[in-house]
Amino acid sequence: YLDFVRSDETTGIDGKPMLNRYSTHLTREHDFPGAQAMLYGAGVPDSQTMKTAPHVGVASVWWEGNPCNMHLLDLGKEVKKALTARGMLAWQYNTVGVSDAITMGNQGMRFSLQTREIIADSVESVTCAQAHDANITIPGCDKNMPGCIMGMARHNRPSLMIYGGTIDKGYSKTLRKNVNVATCYEAFGAYTFNTLKQPDDGGDTSKTKDEIMEDLERHACPGAGACGGMYTANTMATAIETMGLSLPGSSSTPATSPAKMRECAKAADAIKVCLEKDITPKQLLTKASFENALVITMALGGSTNAVLHFLAMAVTAGVDLTLDDFQRVSDKIPFMADLAPSGKYLMADLYEIGGVPSVQKLLIAAGLLDGSIPTVTGKTLAENVASWPSLPSDQVIIKSLDNPIKSSGHIQILKGNFAPAGAVAKITGKEGLRFSGKARCFDKEVQLNEALNRGEIPRGENLVLIVRYEGPKGGPGMPEQLKASAAIMGAKLTNVALVTDGRYSGASHGFIVGHVCPEAAVGGPIALVKDGDEVTIDAETNTISVDVSEEEMEKRKNAWTPPRMVVTRGVLAKYAALVSDATHGAVTDLF
Ligand code: FES
């Protein structure tokens, strides 16, 4: 239904290749004089431009209250300048977004994932309604990236994405080390257990725990940019670049670097190439490019949220991607990057040694990445990175292929009587590969956080802490959890594993399993588990099971009653009514 608005003509009225094949319907004749009047009013300078220039929508997910997004309007202005200089008509607009770090652990988090759908809806709506010929999206925070790509896949007009960029490193004088936003969450565990102290290295140790927290909060985020580790934003940006939908280097170029501004100018050249060669998002969103996304995510230790977002992007683009693909790729790709959250370094460090293109070059040479996929530059991925420097021989961030951190990927897809449709675990190997413990169930994350605050999670006996009714429908909104996992890491509670039908933040680490499907709100086994049941997570056999007989589970199922929906109106009610399960990416347009 979107194709009928595209002109079949290939030559414009100026005799040149027609790049305005959508907007020409509005601007060529005088069938829509009101539209042309509006466009002149909005800044189209003359009739020649009106009739021949392609209209490019520039969609930033800008707002002021978040370092990840605060600079995106400025990037958009730079893009507009470059598009205008190249004879195109640029129309800036905005979508909503929210900050995952700000909403984390509070009720606002329920509103986060559903913004991915609003972003996709916005990009699709404005592009189609305004007859844009092309689209440049500028996302920053986590959900922004998949939202933009889903919007681009829906309208399927020449498009590319500019990632807002990663944040610089923060530095805490009291802890005398580099810090980032995840450091604050992890310090909260030590703060709660009164173990937050300055390092005993001969320096000042006089600060109270409140002074240390204050110092951390003040210095973790030194300016614009998305969270600096291999958390969700950098994971998604890295994958999307490796799928060919953004320019080489976009995902590792820091937000405040001059190179990010230069990327905005280069994007104008690239979108022109996309228009001329008619390169559309669905040509780039293929099984091969998703395979590349999985490979780079495993190699760099990306966030488990990537699973949900890749599935959503694939469902939107009509690509057959399943949870089994993640396990297949995880089995063959070594985990190589010493990047936070499980490692030491940040994306800004990777930028210093060549950035993501240098890693891509290494993986292409090893035959692990498909360098032949097309990209928004009009060249293949391999051609894009050919002139990029190789990783320096003395760098320590990316381990070699023959001596990786782990010989397979860190994302494991688990199935079993606890999660018949699947669950997603992040296992870096540091935590071991198998965990068994007694279940302790919490209906909602807030209950677990309160138990942690009260010091009610004992050390000693192994415990599997289950947080349920936090799935796509149950949350609603599949809220992302970091507070509990960070507090547990900070408190050094090594006797616990965390399991949820919700999600974990990309900054979470430890023995964690999320996306348990079917979720509790629809009566999945996670709703039927009781305190004291023995739960086993086994990353070698890829299973998650509860030691309860089938008959007993059946009995519990018959006695189970669905919870009353607490949200009955507004955006979350709409979301809960429409959303698919996590194995289909939790999208809202799959009927
Ligand atoms: Fe935006 Fe972390 S809060 S990337």
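Between Asp278 and Arg6 there is a salt bridge, since at least one side-chain N of the basic residue sits less than 4.0 Å from a carboxylate O of the acidic one. A salt bridge links Glu470 with Arg110: the distance from a Lys NZ or Arg NE/NH1/NH2 to an Asp or Glu carboxylate oxygen falls below 4.0 Å. Note on Asp121 versus Arg154: salt bridge recorded, some NZ/NE/NH1/NH2 to OD/OE distance being below 4.0 Å. Salt-bridge annotation for Glu117 and Lys574: absent, with no side-chain N of the basic residue lying under 4.0 Å from a carboxylate O of the acidic one.
In this structure the side chain of His71 never reaches within 4.5 angstrom of the side chain of Lys260, judged on heavy atoms. Side-chain atoms of Leu285 and Leu245, non-hydrogen and from C-beta on, do get closer than 4.5 Å to each other. Counting heavy atoms from C-beta outward, His132 and Tyr93 have side chains that approach closer than 4.5 Å. Met145 has its side chain out of reach of Ser251: every pair of non-hydrogen atoms, C-beta onward, lies at least 4.5 Å apart. Side-chain contact between Ile398 and Leu300 is present, with at least one heavy-atom pair separated by less than 4.5 Å. When side chains are defined from C-beta on, Thr115 does not count as touching Thr95, because their heavy atoms never get closer than 4.5 Å. By the 4.5 Å heavy-atom criterion applied to side chains, Leu308 and Arg116 are counted as neighbours. With a 4.5 Å cut-off on side-chain heavy atoms, Leu350 and Val356 count as touching.
The number of heavy atoms from other shown groups lying within 6.0 Å of CE (Met565) is above 12. Other residues, nucleotides and ligands contribute only 12 or fewer heavy atoms inside 6.0 Å of the NZ atom of Lys81. Atom NZ of Lys266 sits in a sparse spot, with 12 or fewer heavy atoms from other residues, nucleotides or ligands closer than 6.0 Å.
Between the side chain of His155 and the backbone N or O of Val123, no donor-acceptor pair lies under 3.5 Å. Using a distance-only test at 3.5 Å, with no hydrogens or angles considered, a donor-acceptor pair links the side chain of Ser580 to the main chain of Val587. The closest donor-acceptor contact from the side chain of Lys361 to the backbone of Ala386 lies under 3.5 Å. Of the possible polar contacts, none joining the Asn20 side chain to the Ser23 backbone as a donor-acceptor pair under 3.5 Å is found. Looking only at distances, a side-chain donor or acceptor of Trp388 sits under 3.5 Å from a matching main-chain atom of Gly354. Side chain of Lys282 to backbone of Ala317: no donor-acceptor contact under 3.5 angstrom is found. With hydrogens and angles ignored, the 3.5 Å screen pairs no side-chain donor or acceptor of Glu9 with any backbone N or O of Met18. Side-chain atoms of Ser60 never come within 3.5 Å of backbone atoms of Ile138 as a donor-acceptor pair (strictly under, hydrogens ignored). One N or O on the side chain of Ser257 and one on the backbone of Pro254 form a donor-acceptor pair closer than 3.5 Å. A donor-acceptor distance shorter than 3.5 angstrom exists from the side chain of Ser330 to the backbone of Ile411, with no hydrogens or angles considered.
For Asn234 and Tyr163, the side-chain atoms include at least one donor-acceptor pair closer than 3.5 Å. Side chains of Thr242 and Asn292: a donor-acceptor N/O pair is absent below 3.5 angstrom, by distance only. Tyr231 and Asn180 form a side-chain donor-acceptor contact under 3.5 Å, judged by distance and modelled atom types alone. Looking only at atom types and distance, the side chain of Arg157 has no donor-acceptor partner in the side chain of Asn135 under 3.5 Å away. Between Asp100 and Thr232, the side chains place no donor N or O within less than 3.5 Å of an acceptor N or O (distance only, hydrogens not considered).
Every residue was checked against the ring pair (Phe, Tyr, Trp, His ring centres under 6.0 Å) condition with His309, not counting sequence neighbours, and none meets it. In this view, Asn69 and Asn66, Asn144 satisfy the side-chain hydrogen bond (donor to acceptor under 3.5 Å, both in side chains) rule, not counting sequence neighbours.
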Go through the steps for Lys51 and Gln36 under the test side-chain contact (heavy atoms from CB on, under 4.5 Å), then give the verdict.
CA-CA 10 Å; Lys51 294 185 187 317; Gln36 293 193 35; 4.0 Å; yes

Assess the residue pair Val273 and Thr377 against the criterion (side-chain contact (heavy atoms from CB on, under 4.5 Å)); give the C-alpha distance rounded to whole Å, side-chain angles, the decisive distance to 0.1 Å, and a yes or no.
CA-CA 7 Å; Val273 170; Thr377 63; over 6 Å; no

Check against side chain to side chain donor-acceptor pair (under 3.5 Å), Glu241 and Thr238
CA-CA 5 Å; Glu241 181 182 326; Thr238 303; over 6 Å; no

Candidate pair Leu381 and Asp370, rule side-chain contact (heavy atoms from CB on, under 4.5 Å), full reasoning
CA-CA 8 Å; Leu381 186 68; Asp370 182 351; over 6 Å; no

Show the numbers, then the answer: is there a side-chain contact (heavy atoms from CB on, under 4.5 Å) between Leu321 and Phe326?
CA-CA 9 Å; Leu321 187 77; Phe326 289 82; 4.0 Å; yes

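Interatomic distance, CE of Met236 versus OG of Ser303, reported as 8.5 Å (0.5 Å rounding). If you take CG on Leu294 and OG on Ser289, they are separated by 9.5 Å, rounding to the nearest 0.5 Å. Atom NZ of Lys143 sits about 6.5 Å away from atom CG of Leu113, to the nearest 0.5 Å. Rounded to the nearest 0.5 Å, atoms CZ (Phe111) and CD1 (Ile118) are 9.5 Å apart. Atom CG of Asn384 and atom NZ of Lys379 lie 6.5 Å apart (nearest 0.5 Å). In this structure, Asp581 CG and Leu311 CG are separated by 9.5 Å, a value rounded to the nearest 0.5 Å.
Between His410 and Gly302, the closest heavy-atom pair is NE2-O, 2.6 Å. Between Val79 and Cys264, the closest heavy-atom pair is CG2-CB, 3.6 Å. Pairing each heavy atom of Met347 with each of Met230, the nearest pair is CE-SD, 4.1 Å. When all heavy atoms of Ala259 and Thr253 are compared, the closest pair comes out as CB-CG2, 3.6 Å. Residues Ala90 and Leu83 approach most closely at CB-CD1, 3.6 Å, considering heavy atoms. Here the shortest heavy-atom pairing between Ser358 and Leu391 reads CB-CD2, 3.7 Å.
Classification of the Phe310-Phe290 ring pair by plane angle, with boundaries at 30° and 60°, yields perpendicular.
Among Leu578, Leu572, Val579, the one residue that satisfies the side-chain contact (heavy atoms from CB on, under 4.5 Å) test with Gln114 is Leu572.
Within the structure, the salt bridge (charged side-chain N to carboxylate O under 4.0 Å, His left out) test picks out the following pairs touching residues 288-314 (sequence neighbours left out): Glu291-Arg328, Glu291-Lys332.
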